[in-house]
Amino acid sequence: MKSIRNLLIILGLVALAASCQKPQPVVVIPEPTEYQAKRGNFTLDEQTILSFENIQDDATFTKTIREEYQKFFVHTPGLSEGKPSKGRYILFSVNDKEDDALGEEGYTLTVNAKSIQAKANTTKGLFYAFQTIKQLAYPSKLADAKEMLIPCLKMTDNPRFGYRGAHLDVSRHFFDTAYIKRYLDLMAAYKLNKFHWHLTDDHGWRIVIDKYPELTKVGAWRPERDSWDTLHPVQSDEPMTYGGFYTKEQIRDIIEYAAARYIDIIPEIEIPGHCSAILAAYPQFACDDYPYTVAVGPYWPPKAIMCAGNDGVLTFYKDVLAEVADLFPYPYIHIGGDEAFNDNWQVCPKCQARIQEKELADEFNLQQWLMNEIEVYLKGIGKKAIIWDDVVSDDMQIFSTILGWQGYDAARTAAKHGNDVILCPTSHCYFNYYQGDPDKEPLAMTGLITLDTAYSFDPMPSGLDKDAQKHILGAQANLWTEFINTPEQADFMLLPRLCALSECVWTAVDNKDYRTFLKKLEYHKPMLHKLGYNCHP
């Protein structure tokens, strides 16, 4: 009896110690919709079992979770179909009956001392639940604890916007596939789901097009210069050694990698401006006989523009887009439309003849006509167009999705017109701008977006009625790479501003709080460093 009584005392003390255990802080970014912290923690260690229920043969999901779990928690978990009969476990379960409140991307998370249970309508929601679980472990992970503590809680979480994106310009400077995957990993960690891949511009064409091999043979390469600001013209004896491109096999691999992380890839093919790389390879598409080369640095205004009066230009774009559409499964393709300076069109006989033929008012309407032709073509092959907001006007005949970079006015006009809109205004979303005192920062694009400015961004323009608000799909961060030529510098410019952007697009306005966000960053910034990312201090 005495031994039994002693055993009960010991068990009681153990239980008391567990109940008094200081809970881990909840350091999740983006801020969840709602949660209630409970007393105690779930202990995640080598004995933890990873369980799946009602996944409906989604082998990609289970494989990705197992691999990411092993990579982050540094041990191979035990596996179980459904709830295990004993031991601590993490269970991912798709709801038998759809929960309308969660939608496609929401999830619930219940953590107690014995289990973590994640439930969602889809595996996409469960994937985001897993990102939350990893972040809940950050305090223990930073302390290099062998056993990681996950705070007990009940959480319901779903996003404010369906489009939550990040953009990367690989034309000004080329980034290899290894970095593209690390970029996608970073997006996934913060529940971003659209990767805008800026593949073509004046400074390099980065995608193989079988029908036009000179695009990568010539258009992907330029002279290597010590500085982006070195502006003297390309010399005939300069070797074209700086650049690169992605093969179709590499792109398929990236698409598969992104899909496993529930990220859709939106390729961008610039039309009709930002085309020096095209004209260097195929000068017959220009309005004039100027000797175009792949651009080597900054310039303003850009001279290069494709000849809108040349039927061969339309054929070229359709051929290119057919191969792009065949490669990328996501329905949307970005077709540029920005900064198309039309000086050449004003003096080009073919362009002026096109204006007369189509009874257009001017060169701006000529661009709208050209973009509409491409828009209609894409629709015919089952794709949809995204276009920069430069094409927006009160009487536009374009019904593509508009990407608004020049502020809110064009976005309002487009939404009222009935176009879907994605926001990325230069005031808040251009992460190639300085983020601190320019005298103390590495060289960057002129402009200043501090962390608190990025966090203050609201993707919903004011002054829209409910019908127009439905056309605001979300927002994205843009990373133009004029002054960014290494992965380390790309990370430095992205982080932690990308964390702020993630709350702007996921978290309801009433749930955002900058002071709370900064406290969470005390864990995220060192963890990002630990994971190999170069985060701004």
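Since this is a predicted model, take the numbers as computed values, not measurements.
- Taking a 6.0 Å sphere around NZ of K154, one finds it holds 12 or fewer heavy atoms contributed by other residues, nucleotides or ligands.
- Taken from CG in N478 to NE2 in H196, the straight-line distance is 7.0 Å, to the nearest 0.5 Å.
- Looking at V27 and E522, their side chains never come closer than 4.5 Å, going by heavy atoms from C-beta outward.
- Within the 3.5 Å criterion, the main-chain N or O of D169 finds a donor-acceptor partner in the side chain of T481.
- Taking 4.5 Å as the limit, every side-chain heavy atom of F73 sits out of range of all side-chain heavy atoms of T48.
- Nearest heavy atom pair, residue P32 against residue N511, reads O-ND2, 3.6 Å.
- Side-chain contact check for R497 and T453: no donor-acceptor pair (N or O, by modelled atom type) lies under 3.5 Å.
- Here the side chain of D176 pairs a donor or acceptor atom with the backbone of A178 at under 3.5 angstrom.
- Residues H274 and W388 place their aromatic rings such that the two centres sit no closer than 6.0 Å.
- Proximity of a side-chain donor or acceptor of T123 to a complementary backbone N or O of L126 within less than 3.5 Å is not detected.
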- Item | Worked check of salt bridge (Lys or Arg N to Asp or Glu O under 4.0 Å) between D185 and R182 | CA-CA 5 Å; D185 287 340; R182 290 185 66 248; over 6 Å; no
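- The backbone N or O of T76 lies less than 3.5 Å from no partner atom in the side chain of Q70, so there is not a single donor-acceptor pair.
- When Y183, Y163, Y330, F328 are each tested for a ring-ring contact (aromatic ring centres under 6.0 Å, His included) with F195, only one passes: Y183.
- Side chains of L50 and F92 form a contact here, defined as non-hydrogen atoms less than 4.5 Å apart.
- At distances below 3.5 Å, not a single donor-acceptor pair connects side-chain atoms of K141 with backbone N or O atoms of M148.
- Counting heavy atoms from C-beta on, the side chains of M155 and V111 never come closer than 4.5 Å.
- When all heavy atoms are compared, the tightest approach of V324 to P267 is CG1-CG, 3.7 Å.
- Below 30°, between 30° and 60°, or above 60°: for H75 and Y69 the angle between ring planes is above 60°, a perpendicular geometry.
- Counting only heavy atoms from C-beta outward, the side chains of D491 and L528 never approach each other to under 4.5 Å.
- Taking 4.0 Å as the cut-off between side-chain N and carboxylate O, E68 and R261 count as a salt-bridged pair.
- For the pair I254 and L184, the minimum side-chain heavy-atom distance is below 4.5 Å.
- A donor-acceptor contact closer than 3.5 angstrom links the side chains of W506 and D157.
- Counting only N and O atoms by type, the side chains of E147 and T43 include no donor and acceptor under 3.5 Å apart.
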- Item | Y35 and V28: CA distance, side-chain angles, deciding distance, side-chain contact (heavy atoms from CB on, under 4.5 Å) verdict | CA-CA 11 Å; Y35 65 89; V28 177; over 6 Å; no
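- Other residues, nucleotides and ligands contribute at most 12 non-hydrogen atoms within 6.0 Å of the NZ atom of K384.
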- Message: Test side-chain contact (heavy atoms from CB on, under 4.5 Å) on L495 and L186; report intermediate values, then the result.
- Response: CA-CA 10 Å; L495 296 166; L186 186 63; 3.9 Å; yes
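- Of the N and O atoms on the side chains of Y434 and D439, not one donor lies less than 3.5 Å from an acceptor on the other residue.
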- side-chain contact (heavy atoms from CB on, under 4.5 Å) assessment of E105 paired with Y262: CA-CA 10 Å; E105 298 182 296; Y262 299 92; over 6 Å; no
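- Side-chain atoms of Q135 and H524, non-hydrogen and from C-beta on, do get closer than 4.5 Å to each other.
- Remark: K71 does not engage E67 in a salt bridge, criterion side-chain N to carboxylate O under 4.0 Å.
- No donor-acceptor pair closer than 3.5 Å links the side chain of D420 to the backbone N or O of T401.
- Closest approach of D458 to V509, counting heavy atoms only: OD2-CG2, 4.1 Å.
- The distance from the OG1 atom of T413 to the OH atom of Y408 is 14.5 Å, given to the nearest 0.5 Å.
- Within the 3.5 Å criterion, the main-chain N or O of G125 finds a donor-acceptor partner in the side chain of T122.
- Side-chain atoms of F517 and I29, non-hydrogen and from C-beta on, do get closer than 4.5 Å to each other.
- F61 and F52 have perpendicular rings, their planes meeting at more than 60° on a 0 to 90° scale where under 30° would count as parallel.
- Taking the six-membered ring where the residue is Trp, the centroids of Y138 and Y523 are separated by 6.0 Å or more.
- Closest heavy-atom contact between L451 and A500: CD1-CB, 4.0 Å.
- Using modelled atom types, no side-chain atom of T507 and backbone atom of P30 make a donor-acceptor pair closer than 3.5 Å.
- Considering every non-hydrogen atom in both F457 and C504, the closest pair reads O-SG, 3.4 Å.
- Within the model, atoms OG of S462 and CD of Q469 stand 10.0 Å from one another, a figure rounded to the nearest 0.5 Å.
- Counting only N and O atoms by type, the side chains of H417 and N419 include a donor and acceptor under 3.5 Å apart.
- The structure places CG of L498 at 10.5 Å from SG of C429, a figure rounded to the nearest 0.5 Å.
- The distance from atom CD of E488 to atom CG of N534, rounded to the nearest 0.5 Å, is 6.5 Å.
- Residues F174 and Y246 bring their aromatic ring centres within 6.0 Å.
- Remark: side-chain polar atoms of Q476 are not paired, donor with acceptor, to backbone N or O of H167 under 3.5 angstrom.
- Of the possible donor and acceptor atoms, one in the side chain of N193 sits under 3.5 Å from a partner among the backbone N and O of G162.
- Within a 6.0 Å sphere centred on NZ of K119, heavy atoms belonging to other residues, nucleotides or ligands number 12 at most.
- In the model, T132 has a side-chain atom that pairs as donor or acceptor with a side-chain atom of Y107 under 3.5 Å.
- Atom CD1 of residue I335 and atom CD1 of residue I269 lie 10.5 Å apart, to the nearest 0.5 angstrom.
- The nearest pair of heavy atoms linking E441 to H536 is OE2-NE2, 2.9 Å.
- Residue E503 is tested with K520, R160, K512 for a side-chain hydrogen bond (donor to acceptor under 3.5 Å, both in side chains); the sole match is K520.
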- Query: Given the rule in the side-chain contact (heavy atoms from CB on, under 4.5 Å) test, do E270 and H198 qualify, once you have shown the distances and angles that lead to the verdict?
  - Reply: CA-CA 8 Å; E270 278 276 12; H198 189 79; 3.3 Å; yes
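- Annotation: H334 is not in aromatic contact with W197 [ring centroid separation under 6.0 Å not met].
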